[in-house]
2 protein chains.
Amino acid sequence: MRTQVVTIHDVARAAGVSPATVSRVFNGGNVTPARAQSVQEAAAALGFAPNRVARSLRKQRSSVIALIIPDIENPFFTSLARGVEDAAQRTSLSVVLCNSDEDTDKERRYLEVALGEQMAGVIVAAASRDETDLGPLTARGVPVVAVDRRPRDAEVDAVRVDDRHGGEVATRHLVRAGYRRIACITGPAGASTSEERLAGYRAALHSAREEGVVGDDAYVRHADFRVEGGRAAMRDLLALPEPPDAVFVANNLMTIGVLDALGEVGRTPPGVGVLSFGDVPWASLVRPSLTAVELPSYELGRTAADLLLQRMEGSASPLQTVVLRTTLQVRESTAGPLTN
Amino acid sequence: MRTQVVTIHDVARAAGVSPATVSRVFNGGNVTPARAQSVQEAAAALGFAPNRVARSLRKQRSSVIALIIPDIENPFFTSLARGVEDAAQRTSLSVVLCNSDEDTDKERRYLEVALGEQMAGVIVAAASRDETDLGPLTARGVPVVAVDRRPRDAEVDAVRVDDRHGGEVATRHLVRAGYRRIACITGPAGASTSEERLAGYRAALHSAREEGVVGDDAYVRHADFRVEGGRAAMRDLLALPEPPDAVFVANNLMTIGVLDALGEVGRTPPGVGVLSFGDVPWASLVRPSLTAVELPSYELGRTAADLLLQRMEGSASPLQTVVLRTTLQVRESTAGPLTN
DNA sequence: CCTGCCGCTGAAAAGGATTTCATCCCTTGA
DNA sequence: TCAAGGGATGAAATCCTTTTCAGCGGCAGG
């Protein structure tokens, strides 16, 4: 129950040196080998573990980096997290994960924690394009990388995918497959990914006007990037006088809800075309197989971490935005309306 | 780039009081209302944000709690994490998540971080029953709760499910459904959940000997609690001269691998019975529907957090282990070998 | 032999908050 | 009216480590 079992002073006393020397032993200063060894031994004997809080206070920087994601239950983000971890693994930094739950308040709190705990760096997939404020962090010189989602006006490095282009390619694919009433279920209006993917959808529809494709916002729904939101939005679309014959769903979890809603009314792909932006988790179990825009989630995380590490090492190169490519993986769920 | 933009001293000077008074304003000490207000105003005007590191150093305790889980890509653990978060939400504590990746080294590192960062508490789903050492934390009086998995000899509160009983009920169900060569794919030998679920399986088989059920360790496989491990183990079982006609899979992700492996050779449940310990994520999409032992993952997290919070508030009641019940949810995948 | 330099070392300051302790002043009860 | 008590306040100690600075001793070059 003692508070600090053993400090650097105790080690110093045991080894017959000053605390400064003990510190140098553990931080690579110049110390005579013999003395260094006796310090090591004393530390081991006493079970000394450095107080990271005191160290952070003095160094004005801790040795952990924060990864703030909006939905820990979305495999896309956990895969991204793995990428970040694996990149950090090679350094002495630890990664802690914070789940903002798409809630800007929670997110703000975590950003405050990151600032107050003097974290060495922050990677954030922003809950909101407008409300996420990275200013305090950047103002204090904390390296920050925005991943997947880009807060507006933030002066930070960024890594994302070509959302707009991916959305356009996906929608065009539905057009070519023969669908004519193509709906879009996208995410919350505040998120950059929602907007971009929707923009891609709109662009594709716009250029397909002559082909008799309905381009109408009556077929656009904003949901919450979660299963339930997708389900509700799909139900809503199905209740239209003239329901869509295909749907472009802007993320993986909402696609699950969409498939559920379709199942409820006995309709299945590809009779109704379903195209997911982002692979549905464990898609191998889903029948029919799902056409999806594949996202390099792991690489997104790894790239973000690499960028962050560069900045932490003092790189002063101008801010950069890395855009990773998505690829459309065509499978059975968009085989066309006529086949069914 | 300034290190500490504004400290409690700056606020004190601006408000014409001492730093002690500023501290009291933010920590609920006795301060004259008028003075308190002028401090608040000064703090707001200067954009003061308390340095949590300094605070932690002085208080010998930070205001974050760590949740260490072995697989961030397993929805079981992310759901558990949500439970922890929601419970912590009601306090001023923040939760950070650490992914040990079933790796005792990574886990040890995170435990060191938790100790060194003087975290207010730790909830851990141990990567190993024997190698996970919670001693340093408990020795320093940090409240610790073991969740889901129980490290041997650890002097901590624990929350888990009735793994053994659940495994027994599940296996008995397979027997009653008519399966006779029942395999078990369990997790790594070091994890308590692996062992317990396997023990339940063995107990059920043992008492079913007279019914012609094969109870033989040739049908037991240890895998890694992941998709690939499940797939490999199932392939291995299918290669036996007399392959099993049912399999009890000790976790959700391995079940996905099992289903894949079965699909590869054109066999599907319930021809081969498949029973999963823990619901497969987004099971609604899986056909046939899967019989599973349902686990209260969210409640596991919430209960663990509640226990932790009690300890942090100083509860001195004797150590307790809370065991939550599992329920067998019978569905199509174990309808019996004859129906197919 | 002297000077200068360099490497090693310890004393002490610094980092920013909380908390103890002493002080002051005001209120209340006798 | 006086004493006791209690609330509000500030000075200073404290938490533990890193880092600066100065000093010391030894070595090399002049």
Side-chain angles (χ1 to χ4, degrees), chain A residues 2-39 42-43 46-63 92 112-113 115-120 140-141, chain B residues 1-39 42-43 46-64 92 112-113 115-120 140-141:
Chain A
R2 291 274 316 284
T3 51
Q4 180 73 22
V5 182
V6 40
T7 76
I8 212 174
H9 282 86
D10 302 321
V11 177
R13 197 171 334 112
V17 301
S18 77
T21 298
V22 177
S23 173
R24 282 190 269 257
V25 169
F26 285 102
N27 294 286
N30 279 330
V31 179
T32 310
R35 221 181 278 248
Q37 194 188 339
S38 77
V39 168
L46 294 170
F48 169 73
N51 183 323
R52 303 167 71 106
V53 176
R55 160 188 300 209
S56 297
L57 177 60
R58 176 61 230 232
K59 300 192 37 160
Q60 299 284 74
R61 167 143 306 184
S62 84
S63 59
S92 62
E112 282 169 13
V113 171
L115 187 67
E117 297 279 353
Q118 302 187 160
M119 292 197 177
R140 259 202 230 171
Chain B
M1 275 302 200
R2 291 273 316 285
T3 52
Q4 179 72 24
V5 182
V6 39
T7 76
I8 211 174
H9 283 85
D10 303 320
V11 176
R13 198 172 332 113
V17 300
S18 76
T21 298
V22 177
S23 172
R24 282 189 269 258
V25 169
F26 286 102
N27 295 285
N30 281 329
V31 179
T32 311
R35 218 181 280 248
Q37 195 188 338
S38 75
V39 168
L46 295 170
F48 169 72
N51 182 321
R52 302 167 71 107
V53 176
R55 162 189 298 211
S56 298
L57 178 61
R58 176 61 230 230
K59 301 194 29 162
Q60 300 284 74
R61 166 143 309 184
S62 85
S63 60
V64 338
S92 61
E112 281 169 14
V113 171
L115 186 67
E117 297 279 354
Q118 301 186 161
M119 293 198 176
R140 260 203 229 170

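Lettering of chains follows the sequences in order, A, B, ..., and the numbering in each one begins at 1.
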What is the distance, to the nearest angstrom, from the [atom1] atom on [X] to the [atom2] atom on [N]?
| X | N | atom1 | atom2 | answer |
| --- | --- | --- | --- | --- |
| A:Q118 | C:dG15 | CD | P | 12 Å |
| A:E117 | C:dA17 | CD | P | 13 Å |
| B:R52 | C:dG15 | CZ | P | 22 Å |
| B:R55 | C:dG15 | CZ | P | 20 Å |
| B:I8 | C:dG15 | CD1 | C1' | 14 Å |
| A:F26 | D:dT19 | CZ | P | 15 Å |
| A:N27 | D:dT20 | CG | P | 13 Å |

Using a cut-off of less than 4.0 Å, is there contact between a side-chain N or O of [X] and OP1 or OP2 of [N]?
| X | N | result |
| --- | --- | --- |
| B:T32 | D:dG7 | no |
| B:S18 | D:dA11 | no |
| A:N51 | D:dC15 | no |
| B:S23 | C:dT18 | yes |
| B:N30 | D:dA8 | yes |
| A:Q60 | D:dT18 | no |

### Message
Would the base of D:dT14 count as contacting B:R58 through its side chain, where contact means a donor and an acceptor less than 3.5 Å apart?
### Response
yes
### Task
Please state whether the base of C:dG10 and the side chain of A:R24 form at least one donor-acceptor pair under 3.5 Å?
yes
## Note on the structure
Taking C:dT18, D:dT19, C:dG10 as options, the one with an atom nearest any side-chain atom of A:K59 is D:dT19
### Message
For a quick check of understanding: with a heavy-atom distance under 4.0 Å over all strands, which category does B:V17 fall into, base, sugar-phosphate or nothing?
### Response
sugar-phosphate
### Message
For A:H9, is there any backbone N or O sitting under 3.5 Å from a side-chain donor or acceptor partner on A:T7?
### Response
yes
#### Entry: Under 3.5 Å: donor-acceptor pair, side chain of A:T32, backbone of A:A34
no
### Closest non-hydrogen atom pair between A:V11 and A:V39, with its separation
CG1-O, 4.0 Å
### Query
B:T21 and side chain to side chain contact (heavy atoms under 4.5 Å, CB included): which partner among B:S18, B:P19, B:S23?
B:S18
### Query
Starting at the 5' end of DNA chain D and moving along, which residue's nearest nucleotide shows up first, B:R35 or B:L57?
B:R35
### Query
Can you find a heavy atom in the side chain of A:R24 that is under 4.5 Å from one in the side chain of A:N30?
no
